[in-house]
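Single-structure report; data block below.
Please read all numbers here as calculations on a predicted model, not as lab measurements.
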Amino acid sequence: MQPFCSVVWPQENEKIIEIQQAGSATRDDALYPGATILNRSETKRVHLFHQGALIVSDYAIFYPEQNHFNARGNVVFTQGDSITMTSQRLNYNGNTRIAQAIGSVHLIRTDMDLKTNTLELDRIQNQVYYNTEGVIIDSINTLTSQQGVYYVNQKKYRFLSDVVIKNPDYTINSERLDYFTELNHAFLYGPTEILGQDYLIQSERGFYDMDADTGIFKQNAVIHYDNKIIYGDSLYFNNGHQYAAATSNIKLIDTINRSIIEGHYGEIFKARDSAIITNRALATNIFDNDSLYIHGDTLIVTGPEDKRIFKAFYDVRLFKSDIQGKSDSLYIDESSGLIKLLKRPPSKKELQIMTAENRTNSNPVMWFDKTQMTGDIIKLLSNPYTRQLDSLHIDGNVFIIEKDSLSDHGYNQIIGAKLRGDFDDGKLNSLDITKNTTMVYYLYSDESFELIGIDKTTCSAMRMEFELGQVVSIRFLGQPEGKVYPEVDLNPNERILEGFSYRIKEKPTGIDDLFSQQDNAFQIPMIQPIPFIREEEEVEEEIE
């Protein structure tokens, strides 16, 4: 081993690594051909300098011809006041300006610090790479990942595997994530979960503002929030305002009340226990061991789980296997099992010109099997626990119509002021119609099915009994007035009661009938994707 006389060798060419100081300098061509061996002394450590970067160590093997060195022992790498990095070893190439740090690597910047076992710093590209577990700590977050890249100029991390971000208020788990350290923004590019104190967000593409606790999520996006599960092509979440919104192909599942609401735009207000869904909105409720489907221009859910209120507005249509209906608006109190079908209040001008038929057409309507019922207000009551129908109330301008099955133009009809009905095992069992009641009913022989006559009767009240959806008996209460007319003796105009309107064309026969032409013409908005922020080359290739 040959000693060197000088320990400070400044270089004129700035591309050449400069030896600023060392305790001693020797050579050992047998072990390190062409290398200068630099050692520390009691008062001096080894200082190597290259284009603004100072590397301090206890020991270094410097190859001047190749313009690179291997530093060992408490290595400290500093680049101006922007980067400080410590490690056990560091290999540096002055031609490529790439530093490879190994063992207990700790990189420190003003906006964060990174700890890992191996790291590569590319000073030309101003990028840092690591493919061993890294731990990053900033002002409030702790981030870990198995692979990552740090873009110095952009102050951005790109995490590639098993990413975990821990914040006092939430935890993020992701397979791929871009994180901007100064902005505290995260872009999600792989399967990701964000777990807060009372919410869980799942998404494969998204943006999250970690300071504001807000985000936009797309591609298989789901929010579990306030006992609800929210799906949509695009989801927005603001935890501070306790608010979420969804756009395109949305689905809101209420796990407590066994309901699903679908549409193409929705908003959820956690503090107010409410949600609003529109644009081809459809609600599905598990009801009486069957599904009740409700469509309206706008669907609203309010109230806590034990006092949930459901409202539907404008051109409301409902379908169940044995019950169908239509109204201007609808109200459901899920705690009491009350359903109300309501009409739009007419204006003063409309009242002046409204005919009895107009009134029937504007009133809510329901069909029970083949029976049509209308009135000012229709109420259904069900058991709130079993959700099985118990009773039916219609108040004001009651009109019941059923097409006579054996004649071409005959209709069985009943009008009155009030109707009260009850259900047995979910099927209509009996009806009581009261106040100014009039009936037109076609009577047939039980044996020959020949028309006996047409019963037209007025009374104070009547009772109808049903079996399997068919009328089996009619009983008049009070003093009925009327008789059974032979068909030829009753004028066709007298066979139709005032306000008659057979609305069979409005009856939904399936879920598709719940939607109007305007609903079906609705164009689902195109959701713009989260921009994929990438460099000139794939990160995986850069790491390799």
Side-chain angles (χ1 to χ4, degrees), residues 105 107 109 111-120 122 125-197 199-224 232-239 244 527-544:
V105 182
L107 185 144
R109 280 179 53 86
D111 55 335
M112 59 86 214
D113 66 55
L114 161 66
K115 293 181 179 180
T116 187
N117 194 52
T118 61
L119 180 147
E120 184 175 291
D122 187 331
Q125 298 293 331
N126 251 350
Q127 295 174 4
V128 177
Y129 311 89
Y130 64 91
N131 56 14
T132 56
E133 183 181 27
V135 179
I136 298 96
I137 299 175
D138 62 17
S139 58
I140 56 173
N141 301 307
T142 300
L143 306 90
T144 61
S145 69
Q146 296 301 315
Q147 288 181 303
V149 182
Y150 180 62
Y151 301 92
V152 178
N153 294 338
Q154 296 173 283
K155 298 180 181 179
K156 178 188 77 174
Y157 273 101
R158 173 160 292 169
F159 301 114
L160 296 176
S161 178
D162 298 329
V163 186
V164 180
I165 301 178
K166 291 189 175 181
N167 179 282
D169 297 323
Y170 54 82
T171 299
I172 300 176
N173 293 277
S174 180
E175 285 303 307
R176 172 149 186 183
L177 180 149
D178 282 5
Y179 172 61
F180 290 82
T181 58
E182 279 196 336
L183 298 174
N184 213 15
H185 289 173
F187 287 84
L188 319 176
Y189 298 112
T192 302
E193 287 190 350
I194 303 174
L195 179 61
Q197 295 179 356
Y199 64 87
L200 170 64
I201 302 170
Q202 298 171 306
S203 176
E204 294 181 12
R205 290 287 186 275
F207 163 79
Y208 199 63
D209 184 332
M210 296 166 62
D211 282 336
D213 206 359
T214 64
I216 298 172
F217 308 97
K218 305 178 181 182
Q219 192 165 322
N220 297 322
V222 184
I223 299 177
H224 300 256
D233 291 350
S234 178
L235 302 179
Y236 171 78
F237 179 78
N238 187 320
N239 189 48
I527 300 298
Q528 296 298 319
I530 295 292
F532 190 84
I533 301 175
R534 56 182 297 167
E535 310 307 319
E536 294 181 357
E537 300 179 0
E538 287 294 332
V539 172
E540 289 84 356
E541 295 175 357
E542 292 172 342
I543 291 178
E544 293 175 357

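Closest of all the heavy-atom pairs between G190 and S174 is O-OG, 4.3 Å. Annotation for F180 and Q154: closest pair CD2-O, 3.9 Å, computed over non-hydrogen atoms. Across every non-hydrogen atom of Q127 and V152, the tightest pair is N-CG2, 4.4 Å. Between R176 and T192, the shortest heavy-atom distance links the atoms O-OG1, 4.5 Å. In this structure, G196 and Y170 approach most closely via the heavy-atom pair CA-CB, 4.0 Å. Here the shortest heavy-atom pairing between D211 and L183 reads OD2-O, 3.8 Å.
Remark: L195 CG to H224 NE2 distance equals 10.5 Å, nearest 0.5 Å. Taken from OG1 in T144 to CG in N173, the straight-line distance is 8.0 Å, to the nearest 0.5 Å. Note: L188 CG to I201 CD1 = 9.5 Å, rounded to the nearest 0.5 Å. Between the CG atom in L160 and the CD atom in Q146 there is a gap of 11.0 Å [rounded to 0.5 Å]. With rounding to the nearest 0.5 Å, the separation of CZ in F217 from CD1 in I194 is 4.0 Å. Atom OG of S203 and atom CG of N220 lie 8.0 Å apart (nearest 0.5 Å).
With sequence neighbours left out, the ring-ring contact (aromatic ring centres under 6.0 Å, His included) criterion links H185 to F207.
Side-chain atoms of N131 and Y129 include no donor-acceptor pair closer than 3.5 Å. Counted by atom type alone, T132 and T116 present one or more donor-acceptor pairs between their side chains at under 3.5 Å.
Relative orientation of the Y130 and Y157 rings is perpendicular, given thresholds of 30° and 60° on the angle between their planes.
At least one side-chain heavy atom of D162 sits less than 4.5 Å from a side-chain heavy atom of E175. Proximity of M210 to I165: side-chain heavy atoms (C-beta onward) are separated by under 4.5 Å at one or more points. The shortest side-chain heavy-atom distance between V163 and I172 does not fall under the 4.5 Å cut-off. Under the 4.5 Å side-chain criterion, counting only non-hydrogen atoms from C-beta, N184 is in contact with D138. The side-chain heavy atoms of L114 and Y150, taken from C-beta on, include no pair separated by under 4.5 Å.
Judged by distance alone, the side chain of R205 and the main-chain N or O of Y189 form a donor-acceptor pair under 3.5 Å.
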Problem - Verdict with reasoning, L200 to E193, per side chain to side chain contact (heavy atoms under 4.5 Å, CB included) - result: CA-CA 7 Å; L200 170 64; E193 287 190 350; 4.2 Å; yes
